[in-house]
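The structure presented is a predicted model; accordingly, all values stated were derived computationally and were not measured.
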Amino acid sequence: MSEYPTFLFGESRFDQNTFFGRFRHFLDVIDPRTLFVTAKRLQESVELLHRFKRGTLPPGVTDAQLWEAQKIKQAIIHPDTGEKILMPFRMSGFIPFGTPVVVGLLLPNQTLVSTIFWQWLNQSHNACVNYCNRNASKPAPISKFVQGYLGAVTSAVSIAVGLNVLIQKASRFSPTTRLLVQRFIPFPAVASANVCNVVLMRHSELSEGISVLDSSGNVVGTSKVAARHALLETALTRVVLPMPILVLPPMIMAALEKLPLLQRQRRLVLPVHSLVCLTAFGLALPLAISLFPQMSQISVNQLEPEIAMATDCKMVTYNKGL
């Protein structure tokens, strides 16, 4: 029996076949405490994992230490390039660095300029996170990422500005109703931009297909059907993700701003707004990315005939991406 019975190099400590297991795994992935790991601690973690692979671990090293070392390495080092990911663009930095953008998106009484600025900044941050955490095992032209970025910015700004203009022209809305409706505009703008980003950056998968694997992890073919499933699952995740972040805070703030304390102390509105956004963001991110397994399964009968002929398995798996 192994001296380290639960540690699996490169794997998750939680069951990825259940939603709760995936949720606990992604709580580990987005843990902001890894942002404060020193260069020395990172080097020690990487060396500990190297020694585990070589079978030269010193006495007294525990499973918990190995899992923690792997968590630190995976949070900071890109698995394909081996390089450190810039702090604002790590998955563990997505909430701390993204929350100020969310607060900006949800500020009341937005002008045309501020609407464009916050939508641009949000999509720029998303694009940088996507690029820095991309699958770099195969070279991809930078033009694909530029195309996705421009498409996301264009769609987000167009929808947000268009809806703002329509609401301003809606004469039957009272000023209070108009202000409340304006607070919900960021959601359709961001959700549609996220879907646009996924489709533009990964459209080649629809024409070329993605690899599907048998139960032993061997590639049995390339499937366009699996590619459609992967893109649909990813697109649904990108729609669900901003829903709690951009819908719940306006509803909560509309109620909180009626409280006597916030009526008297208006300078507390922004700090409270920021705290509400941070809480919603911290809840929404792990929930959304836990909806579907990273490695999803699909019945062979749903795939192309040549794949069914290439394997005896009833189910195959594919990497849906993030």
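Sorted by first and then second residue, the pairs that involve residues 30-44 and meet side chain to side chain donor-acceptor pair (under 3.5 Å), not counting sequence neighbours, are Asp31-Arg33, Asp31-Lys71, Thr34-Ser92. Applying the salt bridge (charged side-chain N to carboxylate O under 4.0 Å, His left out) test to pairs two or more places apart or on separate chains, those with a residue in residues 247-274 are Arg183-Glu257.
Using a 4.5 Å cut-off between side-chain heavy atoms of Ile, Leu, Val, Met, Phe, Trp and Tyr, with links allowed through other members, Met253 and Val103 fall into different hydrophobic clusters. Hydrophobic clustering (ILVMFWY, side-chain heavy atoms < 4.5 Å, transitive): Leu106 and Ile116 are in one cluster. Cluster membership for Leu35 and Ile95, using ILVMFWY side-chain heavy atoms within less than 4.5 angstrom, is not shared. Hydrophobic clustering of Ile, Leu, Val, Met, Phe, Trp and Tyr side chains at less than 4.5 Å, counting indirect connections, unites Leu262 with Leu248. No continuous path of ILVMFWY side-chain contacts below 4.5 Å connects Phe36 to Phe89, so the two sit in separate hydrophobic clusters.
Applying the under-4.5 Å side-chain rule to Ile, Leu, Val, Met, Phe, Trp and Tyr, the cluster around Val37 extends to Leu42, Val46, Ile72, Ile76, Ile77.
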Go through Val225 and Glu304 one step at a time and tell me if the side chain to side chain contact (heavy atoms under 4.5 Å, CB included) criterion holds. CA-CA 7 Å; Val225 176; Glu304 292 83 348; 3.7 Å; yes

Apply side chain to side chain contact (heavy atoms under 4.5 Å, CB included) to Leu236 and Phe292, showing your working. CA-CA 10 Å; Leu236 284 173; Phe292 302 102; 4.1 Å; yes

Evaluate the side chain to side chain contact (heavy atoms under 4.5 Å, CB included) criterion for residues Arg90 and Lys84: first the C-alpha distance (whole Å), next the side-chain angles of each, then the deciding distance (0.1 Å), finally the verdict. CA-CA 9 Å; Arg90 299 173 192 168; Lys84 289 176 69 174; 4.3 Å; yes

How far apart are the C-alpha atoms of Phe97 and Met87, what are their side-chain angles, what is the distance that settles it, and do they pass the side chain to side chain contact (heavy atoms under 4.5 Å, CB included) test? CA-CA 9 Å; Phe97 289 94; Met87 192 180 292; 4.0 Å; yes

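Among all heavy-atom pairs drawn from Ala280 and Pro249, the shortest one is CB-CG, 4.0 Å. The shortest non-hydrogen separation linking Phe19 to Ser290 is CD1-O, 3.3 Å. Across Pro286 and Gly282, no two heavy atoms sit closer than the pair CD-O, 3.1 Å. Taking both residues in full, the closest heavy atoms of Pro96 and Pro100 are given as O-CD, 3.3 Å, listed atom of the first, atom of the second, then distance. Considering all non-hydrogen atoms of both residues, Val240 and Ala288 come closest at CG1-CB, 4.3 Å. When all heavy atoms of Val190 and Pro242 are compared, the closest pair comes out as CG1-CB, 3.9 Å.
Between the NZ atom of Lys224 and the CG atom of Leu303 there is a distance of 13.5 Å, given to the nearest 0.5 Å. Rounding to the nearest 0.5 angstrom, the gap separating the CD atom in Gln147 from the SG atom in Cys196 is 9.0 Å. Taken from OG1 in Thr62 to CD in Glu68, the straight-line distance is 10.0 Å, to the nearest 0.5 Å. Of the inter-residue distances, the one linking Leu287 atom CG with Thr237 atom OG1 reads 11.5 Å to the nearest 0.5 angstrom. Taking CG of Leu49 as the reference point, atom CZ of Arg51 lies at 12.0 Å (rounded to 0.5 Å). How far SG of Cys128 is from CD of Gln123: 11.5 Å, rounded to the nearest 0.5 Å.
Within the 4.5 Å cutoff, side-chain heavy atoms of Leu105 are placed close to those of Gln119. Two residues are said to be in side-chain contact when any heavy atoms from C-beta on lie closer than 4.5 Å; Leu48 and Phe52 fail this criterion. Using a 4.5 Å cut-off on side-chain heavy atoms (C-beta onward), Val220 and Val300 make no contact. In this structure, Val239 and Asn194 have side chains that are not in contact, with every pair of non-hydrogen atoms separated by 4.5 Å or more. Thr279 has its side chain out of reach of Leu283: every pair of non-hydrogen atoms, C-beta onward, lies at least 4.5 Å apart.
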Listing, residues 269-278 side-chain donor-acceptor contacts under 3.5 Å, not counting sequence neighbours, or none:
from, atom 1, to, atom 2, distance (Å)
Ser274, OG, Leu270, O, 2.9

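For Phe94, the ring-ring contact (aromatic ring centres under 6.0 Å, His included) partners at least two apart in sequence or on another chain are His125, Phe281. With sequence neighbours left out, Arg24 forms a side chain to side chain contact (heavy atoms under 4.5 Å, CB included) with Phe14, Phe20.
Donor-acceptor pairing under 3.5 Å is recorded for the side chains of Ser124 and Trp120.
Judged by distance alone, with hydrogens and angles left aside, the side-chain atoms of Arg22 form a donor-acceptor pair with the main-chain N or O of Leu291 at under 3.5 Å.
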